[in-house]
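Written out below as structure tokens is the structure these notes cover.
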Amino acid sequence: MSSYETLNQPQQEAVLHTEGPLLILAGAGSGKTRVLTHRIAYLIESGVSPWNILAITFTNKAADEMRQRVDRIVGTGREAVWVSTFHSACVRILRRHIDFLGFDNHFAIYDTDDQKTVIKEVCRKLNVDTKVFKEKALMAEISHYKDKLYTPEDAEKEAYDFNEKKTAAVYREYQAQLRKNNALDFDDLIMRTVELFEKHPQVLDYYQERFRYICVDEYQDTNYAQFRLVSLLAEKYRNLCVVGDDDQSIYRFRGADIRNILEFEQIFPDAKVVRLEQNYRSTQNILEAANHVIANNTERKEKRLWTENEEGDKIHFRQFLNGFEEAEYVVGEIEKLHREGRAGYRDCAVLYRTNAQSRLFEEKLLVAGIPYKIVGGINFYSRKEIKDLLAYLRTIDNAKDDVSVRRILNVPKRGIGDTTQGRVQEYADDMQVSFFDALRVAEEIPAVKRSLPKIDSFVTFIMALRTKAEVLTVRELLEDVIDSTGYAADLEKENTDEAKARLENIDELITKVQAYQDAMAERGGQATLSGFLEEVALVADIDTLDNASDYTLLMTLHSAKGLEFPYVFITGMEDGLFPGGSAIYRSESDSALQEERRLMYVGITRGMKSVTLTCARQRMLRGEVQFHNVSQFVREIPRELVDLGYAVQEKKPDREKMLQGDSVYSRMKEAFRAKPYMQESRPRAQTSVNHAEPLEYGTGDTVRHVKFGVGIVTDIKEGGRDYEVTVDFDRFGVKKMFAGFARLKKI
């Protein structure tokens with residue numbers, strides 16, 4: 001029996017259709033990766049050169065899995081097949097041809113922190129009040145412009161009020177700063193590649209000839225820029241195969257446009273459509289529940305998942321008095337599954353709509369001694385010591401990168417203060433040169449004469465490292481930086497727990513470099529500094545998950561997409577929380593509500609053996625007790641598919657009403673409303689609010705907590721009397737706490 005005969009009939013149909021546009025509507029768990037890899041193998045067996053095949057997906061994790069499968073089933077020439085993420089593919093193209101757009105080929109790739117640094121500098125330069133125009137909001141708007149392929153000029157033309165005009169002005173200066181720094185952000189990787197293809201037809205023609213057969217995974221998640229990129233590559237030979245599931249389109253906030261998949265047949269009228277509806281992951285009851293929920297959406301292509309797997313458990317529904325009891329129950333169930341030998345900790349996932357819901361589950365997991373990991377915490381590459389060392393490597397690779405140069409100028413301490421740096425920056429701005437080039441001619445800047453010897457020493461040091469980079473391996477270069485800066489030696493002298501943790505992180509970075517070099521050697525490629533920095537820049541949170549480690553995962557429903565777990569707990573199933581308050585008051589045809597429902601569908605279909613839905617009668621949100629109805633998404637699941645267990649003790653529990661909007665917790669809500677004396681029985685005391693004192697630390701600083709140890713401050717919110725501080729601790733993950741109680745000490 002050939003490997004193709006092991007595929008089901010629709011899968012075979014998708015694999016064997018090689019010419020012309022093809023839309024594969026692949027339901028959750030329907031084996032789409034298997035179809036894609038077998039299709040690549042069949043193309044090669046049919047005489048297509050591996051050199052002419054491009055397969056694109058969204059995450060490195062998915063690309064690596066596809067790469068491994070392709071290598072297993074494809075013989076000669078498998079290394080010539082491009083299996084890549086959108087961003088990685090664009091980086092490879094831009095490394096060769098971005099000089100056509102006026103950039104140096106050794107460009108830097110800026111992450112979110114780097115972008116924020118540039119935005120702050122732009123706002124300072126343009127006198128933009130960051131209390132009115134928040135950096136994150138400006139970054140989001142600029143990203144939105146780039147998703148639509150709007151240039152700064154386009155943004156200025158579209159702007160119609162003061163805010164939009166100011167944002168467009170920031171966009172223009174931001175892009176100018178990136179060009180000056182010879183840097184691109186993530187959105188630029190796509191946008192600049194499209195610009196390259198549109199302005200230089202000879203480059204486009206080369207890649208159209210190179211990639212005559214194109215496969216795109218997770219097509220429902222593409223934005224307009226990605227759609228345009230794929231369309232340009234495929235317009236010559238039209239052998240475009242896209243795989244996706246409109247029912248799993250949940251990234252509109254990132255610019256994803258569901259119309260790309262819904263209107264594929266309008267764009268390609270001769271497209272063949274294949275539906276993959278057999279699920280290999282979940283039980284039949286789980287699929288039936290998911291089918292009934294998603295059927296309420298109108299913006300979708302009809303499909304219905306089914307399976308040959310067992311019927312399985314019903315969907316478990318549990319209602320609790322409050323969020324504390326909800327978290328206690330979920331953690332207790334995980335502990336029970338592990339104790340009885342039915343599941344490892346890694347077989348369980350706790351999903352929620354917003355990151356703020358994680359706190360109670362963390363506390364209960366800590367008390368129970370259950371290992372866990374939060375997806376979406378501080379990325380390894382965002383830790384201070386790692387960013388410092390990477391900034392050295394980036395400066396060596398691209399000295400025009402002002403963000404990296406300024407980061408390391410005084411790391412370790414060289415006595416070059418903020419005032420001196422500001423004067424150098426002013427000179428660089430006036431002369432329109434990079435910050436490093438200004439440092440090289442610092443003797444021409446009268447106001448920095450006192451610091452001139454220190455600046456010269458730094459410049460000489462960097463130039464020496466750049467010379468060494470031509471002969472040393474990436475690992476040798478990194479180790480040279482660590483030794484010659486004394487970075488590790490300083491940490492060893494501290495001899496504290498946090499210093500030891502940071503040294504362990506540095507060791508892990510060295511291990512990562514060695515792994516990169518080994519991987520390149522296996523592929524027969526060359527390990528370069530630019531290549532390593534690219535790989536680091538394109539790592540996502542989901543790519544860092546270690547499947548071998550036994551810990552329970554806590555994550556948002558958005559983060560869970562693409563994953564699967566034997567036991568799934570979807571928490572906070574209440575109207576106003578999931579779906580969110582902005583969606584529940586919309587009509588059934590509204591896009592916001594339909595996207596929330598798709599998110600519910602994604603959550604349910606993560607489950608393999610069991611799905612548990614939980615909610616609370618009352619929940620503390622934003623410092624207030626709030627009451628919500630059971631989520632309408634729960635009520636959309638037929639009664640016969642739900643195990644109506646209950647946790648709140650009543651004399652005569654009405655299990656049927658527990659799924660209804662007029663259930664006991666709703667009556668409790670009315671009871672509270674009916675007792676005004678509970679709120680007004682005492683005269684209000686005259687009080688004065690003492691505003692919080694400024695903190696000694698800020699976002700990005702390393703701090704110590706008496707219980708949780710060392711961590712990095714990721715967010716600070718002012719709450720009037722006190723600050724709410726979010727810290728990612730090395731040993732205990734992400735914690736939110738009030739500054740007055742936490743008593744954090746800056747390290």
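The shown structure was predicted, so the numbers you read here are calculated from the model rather than taken from an experiment.
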With heavy-atom distances below 4.5 Å as the criterion, would you say the side chains of Y171 and E141 are in contact? no

Show the numbers, then the answer: is there a side-chain contact (heavy atoms from CB on, under 4.5 Å) between I747 and T496? CA-CA 11 Å; I747 299 174; T496 59; over 6 Å; no

Would you say E696's side chain and K746's backbone share a donor-acceptor pair under 3.5 angstrom? yes

Please work out whether the ring planes of Y207 and H97 are parallel, tilted or perpendicular, with thresholds of 30° and 60°. perpendicular

Please check if atom CG in D418 has more than 12 non-hydrogen atoms from other residues, nucleotides or ligands closer than 6.0 Å. no

Under 3.5 Å, is there a donor on one side chain and an acceptor on the other for D728 and T714? no

Is any side-chain heavy atom of E218 less than 4.5 Å from a side-chain heavy atom of K561? yes

Could E426 and R423 be called an ion pair, given the rule that one side-chain N must be under 4.0 Å from one carboxylate O? no

Backbone of G415 reached by a side-chain donor or acceptor of N410 within 3.5 Å: yes

Hey, is D480 close enough to K468 for a salt bridge, meaning N to O under 4.0 Å? yes

Under 3.5 Å, is there a donor-acceptor pair linking the side chains of Q175 and K146? yes

Interatomic distance, CG@L509 vs CG@L393, rounded to 0.5 Å, equals 7.5 Å

Taking K454's backbone N and O only, do any of them form a donor-acceptor pair with S451's side chain (distance below 3.5 Å, no angle check)? no

Heavy atoms of other groups near R172 CZ, more than 12 under 6.0 Å: yes

For the pair K512 and E535, find out whether any cationic side-chain nitrogen is under 4.0 Å from an anionic carboxylate oxygen. yes

Side-chain touch Q357/L577, heavy atoms, less than 4.5 angstrom: yes

Would you check if H87 and I109 make a side-chain contact, meaning some heavy-atom pair closer than 4.5 Å? no

Determine, step by step, whether N181 and K400 satisfy the side-chain contact (heavy atoms from CB on, under 4.5 Å) criterion, reporting the C-alpha distance in whole Å, the side-chain angles of both residues, the deciding distance to 0.1 Å, and the verdict. CA-CA 5 Å; N181 294 356; K400 293 181 181 179; 5.5 Å; no

Is E362 salt-bridged to R359, going by a charged N under 4.0 Å from an acidic O? no

Return yes if a side-chain donor-acceptor contact under 3.5 Å exists between D401 and Y110, otherwise no. yes

Would F100 and V203 count as a side-chain contact (heavy atoms from CB on, under 4.5 Å) if you check the C-alpha gap in whole Å, the side-chain angles of each, and the deciding distance to 0.1 Å? CA-CA 10 Å; F100 281 91; V203 178; 4.2 Å; yes

Backbone of R95 reached by a side-chain donor or acceptor of N105 within 3.5 Å: yes

Hydrogens and angles aside, do Q177 and E173 bring a side-chain donor and acceptor to less than 3.5 Å of each other? yes

Short question: side chain of N398, backbone of F107 - any donor-acceptor pair under 3.5 Å? no

To the nearest 0.5 Å, what is the distance between CZ (F436) and CG (D402)? 11.0 Å

Nearest 0.5 Å, please: how far is CD1 in I258 from OG in S591? 8.0 Å

Minimum side-chain heavy-atom gap K373-M555 below 4.5 Å: no

Could you tell me the separation between the CG atom of L138 and the OH atom of Y174, rounded to the nearest 0.5 Å? 11.0 Å

Are side-chain heavy atoms of I506 and R502 found at a separation under 4.5 Å? no

When rounded to the nearest 0.5 angstrom, what distance separates CZ in F58 from CD in Q220? 7.5 Å

With the threshold set at 4.0 Å, does a side-chain nitrogen-carboxylate oxygen contact exist between D129 and K131? no

Could you check if a side-chain atom of L390 sits within less than 4.5 angstrom of a side-chain atom of F532, using non-hydrogen atoms only? yes

Do side-chain atoms of S457 reach the backbone of P453 as a donor and acceptor pair under 3.5 angstrom? no

Does one side chain, of D114 or T117, offer a donor that lies under 3.5 Å from an acceptor on the other? no

Only one of D187, D185, N223 passes side chain to side chain donor-acceptor pair (under 3.5 Å) with S143; say which it is. D187

Taking the side chain as everything from C-beta on, heavy atoms only, tell me whether Y251 gets closer than 4.5 Å to D221. yes

Side-chain donor/acceptor of T167 to backbone N/O of N163, under 3.5 Å: yes

Within 45° of the ring axis of F435 and under 6.0 Å from its six-membered ring centre, is that where the NZ or CZ of R406 lies? yes

Can you name the nearest heavy-atom pair linking S358 to Y352, along with the distance? CB-OH, 3.4 Å

Can you confirm if the NZ or CZ of R407 lies within 45° of the ring axis of Y392 and under 6.0 Å from the centre of its six-membered ring? no

Keeping the roles fixed (side chain from E385, backbone from N505), state whether a donor-acceptor pair exists under 3.5 Å. no

Under 3.5 Å, is there a donor-acceptor pair between the side chain of R414 and the main chain of L409? yes

Correct closest heavy-atom pair for H106 and S530 would be ND1-OG, 3.2 Å

Shortest non-hydrogen contact from A169 toward L126: O-CD1, 3.8 Å

Pairwise distance CZ(R228) to CG(D147) - rounded to 0.5 angstrom: 16.0 Å

For T130 and K120: C-alpha separation, side-chain torsions, deciding distance, then whether side-chain contact (heavy atoms from CB on, under 4.5 Å) applies. CA-CA 8 Å; T130 53; K120 283 182 177 179; 5.8 Å; no

Over 12 foreign heavy atoms within 6.0 Å of NE2, H705: yes

Give me the atom names and distance for the closest heavy-atom approach of I716 to T699. CD1-N, 3.9 Å

K387/D111 salt bridge by N-O under 4.0 Å criterion: yes

Hey, mind stepping through E534 and R92 against salt bridge (Lys or Arg N to Asp or Glu O under 4.0 Å) and telling me if it holds? CA-CA 10 Å; E534 278 174 24; R92 290 180 70 175; over 6 Å; no

Whether E494 side chain and L491 backbone form a donor-acceptor pair below 3.5 Å: no

Do other residues, nucleotides or ligands put more than 12 heavy atoms under 6.0 Å from the OH atom of Y160? no

